[in-house]
Amino acid sequence: MSKTSIIWFRKGLRLHDNPALLEAARGADHLCPIFILDPWFLKPDKIGVNRIQFLLESLADLDASFRARGSRLLVLRGQPQEVLPRLFKDWGATHLCFESDTEPYAKTRDAAVRQAAEEAGVEVHSPVSHTLYDPELLLSRSGGKPPLTMQSFTKLVTAVGPPPEPAADPPGKLPPLAPKAAKEAARDGGAAVAVPLLADLGYPPAGTTPFKGGETAALARMADYLSDKAWVCAFEKPKGNPAAFVRPATTVLSPYLKFGCLSPRLFHAKLLQIYAEVSGKHTQPPVSLRGQLLWREFFTLCGYAVPNFNRMEGNPLCKQIPWVDDPERLRAWEESQTGYPWIDAIMAQLRQQGWMHHLARHSVACFLTRGDLWCSWEAGQAVFDKYLVDGDWSVNAANWQWLSASAFFSQYFRVYSPITFGKQYDKNGDYIRHFLPVLKDMPAKYIYEPWTAPLSVQQEAGCVVGEHYPEPIVEHQAAMKENMARMKAAYAAAKEGGGAATPAPPSSGSAAAKRARKK
DNA sequence: ACTCTTGTTGTCTCT
DNA sequence: GAGAGACAACAAGAG
């Protein structure tokens, strides 16, 4: 009996540590590597050009790797639930392999695809390789409820034991496409299944991020950062400099992990190797480099186990807080028009590069929500999701809840100052000068608070507040004080109500969701 | 049931 | 310039 496999890429855009690919290729006569451009993910108003560019670069790199092995990647369009059943039939597929994905949209999509495969007599394999651990395993080992602190999460993974070793590399030669697939690929000179251009998808011709997508870039970047073993062992996330932009203070491997250009298990194994090699001490989770992988793991587990994790309502973990919908404030924040240079520079870096340091994200997230503007964290989450090249559904939702003191973190009286926080790291304001050129000639003394500069100084710097750059959108001290009182009231109301949240509507029927809902 | 400790990453003032 | 305490005071998890 002949075996014709489809290896369906979604995340996991790599050849290394790819158990789904290995399973698809094993003993196969034909192997059809595909990626389906799902209109769900291609909305220019919701998902920015930088992340799509990163995706297309990753697909091009993947295609090149397949071509080097006598195959190629076919990029198709449409809803996977509709495209795949056609392929089962047209290509005579016997096997479908794809990496497991625990996000809600993916779960629904994959369940439908799985059912269609079953009806078509196609065997499905869906191994875990996006995370170190299988979230379902972690959840069952923690009694059906996810841990709510990093400490208890770390304890959990320690008890579970080391994650699986990375899978073997694929063979240097892979099975050819199924004949019908090859024929489809050759049609119109191959244009129909080639990696498209941004413009083909309704995007501008090019993005502005300096980060290049793909497995090749991912492995090179990892090698670069891991080559400094002393740096790896001394890594302490909270001590990083959020204003560093020539060489960021962290690895910027997050976009590669998001798309699966880099295997977390490979990265993890390399870290353990370095820790073992280097005599002497190395930092520990949560602050260590390994700890950063565990954060991702922790938040992915929460996203898997907690219903409505990306929303306030119906999210049993999330404190219910009466945020005010204020489109003007939100727009000012998104477009670097708050009048606070530190905040506006960070948001400019976000729009330009699709990445900023973790602490910079803290600053702007706190500012938008409980710190200054009192806008909903969900609105901030959507803006981050639009611009970040590393935008990850679970991690984004978790961090916004953290920073808005809606879940995980509750010391709402600790508020980041939009003036002094950045100053600690960058007294001269080089970061602001770089990302907000309008302020490039403002003296260091005033660059974090340009409205305090004498008019003559503003004129000299070519930046008059109210003319070339906005007045502060709120007075920080007053806004903070008012918001703290609101937080106090919201917390008290939550206690009064006998819990942190309203009951969850039955939106998910999965066993995991049911378990998580149980109090 | 209860207390106590701790929590990746605050700010301001005073010494 | 580093360190300590005030600010006003949360909640999960350990014991």
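A note on names: the letters A, B, ... follow the listed sequences, proteins ahead of strands, and every chain is numbered from 1. Everything numeric here is computed off the predicted structure, so don't read it as measured data.
Contacts between chain A and DNA chain B, taken as any atom within less than 4.0 angstrom of a protein heavy atom, begin and end at B:dT6 to B:dC12.
Below 30°, between 30° and 60°, or above 60°: for A:W355 and A:H357 the angle between ring planes is above 60°, a perpendicular geometry.
Aromatic ring centres of A:F435 and A:F245 lie closer together than 6.0 Å. Checked against the 6.0 Å centroid criterion, the rings of A:W402 and A:W377 do not qualify as a close aromatic pair.
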DNA chain C in dot-bracket form (Watson-Crick or G-U pairs under 3.5 Å, [ ] crossing, | inter-strand) is .||||||..||||||

Side-chain donor-acceptor contacts of residues 406-417 of chain A below 3.5 Å, not counting sequence neighbours, with atom names and distances?
residue: A:S406; atom: OG; partner: A:S404; partner atom: OG; Å: 2.7
residue: A:Y416; atom: OH; partner: A:H362; partner atom: ND1; Å: 2.9
residue: A:S417; atom: OG; partner: A:I419; partner atom: N; Å: 3.0
residue: A:S417; atom: OG; partner: A:T420; partner atom: N; Å: 3.0
residue: A:S417; atom: OG; partner: A:T420; partner atom: OG1; Å: 3.1

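Salt bridge annotation for A:D101-A:K107: absent, with no cationic side-chain nitrogen under 4.0 angstrom from a carboxylate oxygen. In this structure, A:R329 does not pair ionically with A:E334, as no charged nitrogen and carboxylate oxygen lie closer than 4.0 Å. A salt bridge between A:D326 and A:R331 is absent, with no side-chain N of the basic residue lying under 4.0 Å from a carboxylate O of the acidic one. Ion pairing between A:D45 and A:K386 fails under the 4.0 Å rule for side-chain N and carboxylate O. A salt bridge does not link A:D61 with A:R14: every distance from a Lys NZ or Arg NE/NH1/NH2 to an Asp or Glu carboxylate oxygen is 4.0 Å or more.
Annotation: B:dA1 and C:dA14 have their C1' atoms spaced 14 Å apart (nearest Å). To the nearest whole angstrom, the two C1' atoms, one in C:dG1 and one in B:dC12, are 15 Å apart. Using C1' as the reference atom, B:dT6 and C:dA9 are 14 Å apart when rounded to the nearest Å. Spacing of C1' atoms, B:dT11 relative to C:dA11, comes out at 22 Å, to the nearest Å.
Taking A:W400 as the reference, A:N396 meet the side chain to side chain donor-acceptor pair (under 3.5 Å) condition, with sequence neighbours excluded. Partners of A:V278 according to the side chain to side chain contact (heavy atoms under 4.5 Å, CB included) rule, which considers only residues two or more places apart in sequence or in another chain, are A:K229, A:C233, A:I274. Here A:S100 pairs with nothing under the side chain to side chain donor-acceptor pair (under 3.5 Å) rule; sequence neighbours left out.
Put simply, the residue from A:Y340, A:W333, A:W374 that forms a ring-ring contact (aromatic ring centres under 6.0 Å, His included) with A:F367 is A:Y340.
Within a heavy-atom distance below 4.0 Å of DNA chain B, the residues of residues 230-248 of chain A found are A:K237, A:P238. Residues from residues 284-302 of chain A with heavy atoms under 4.0 angstrom of DNA chain B, sorted by number: A:P286, A:V287, A:Q292, A:W295. A heavy atom closer than 4.0 Å to some atom of DNA chain B occurs in A:W402, these being the qualifying members of residues 399-409 of chain A.
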Between the protein and nucleotides 3-5 of chain C, list the N/O to N/O atom pairs that are separated by less than 3.5 angstrom.
none

Close N/O contacts between protein and nucleotides 6-10 of chain C (under 3.5 Å):
residue: C:dA9; atom: OP1; partner: A:K488; partner atom: NZ; Å: 2.7
residue: C:dC10; atom: O2; partner: A:S410; partner atom: OG; Å: 3.2

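Heavy atoms of A:L359 sit under 4.0 angstrom from at least one base atom. The residue A:K423 sits apart from the nucleic acid: no heavy atom pair falls under 4.0 Å.
At a cut-off of 3.5 Å, with distance as the only test, a side-chain donor of A:R351 or A:S336 sits close to an acceptor on the other residue. Of the N and O atoms on the side chains of A:W323 and A:T369, not one donor lies less than 3.5 Å from an acceptor on the other residue. Neither side chain, A:Q352 nor A:N50, offers a donor N or O lying under 3.5 Å from an acceptor on the other. For the residue pair A:E103 and A:Y304, no side-chain donor N or O sits within less than 3.5 Å of a side-chain acceptor on the partner.
Summarising the geometry, the separation between CG on A:L156 and P on C:dA12 is reported as 18 Å, rounded to the nearest angstrom.
Taking every heavy atom of both residues into account, A:A244 and A:A249 meet most closely at CB-N, 4.2 Å. Taking each heavy atom of A:I321 and A:A490 in turn, the nearest pair found is CG1-CB, 4.0 Å.
In terms of modelled atom types and a separation under 3.5 Å, the side chain of A:R296 and the main chain of A:L257 share a donor-acceptor contact.
Judged as a ring pair (Phe, Tyr, Trp, His ring centres under 6.0 Å), the pairs with a partner in residues 127-153 of chain A (not counting sequence neighbours) are, in order, A:F153-A:F298.
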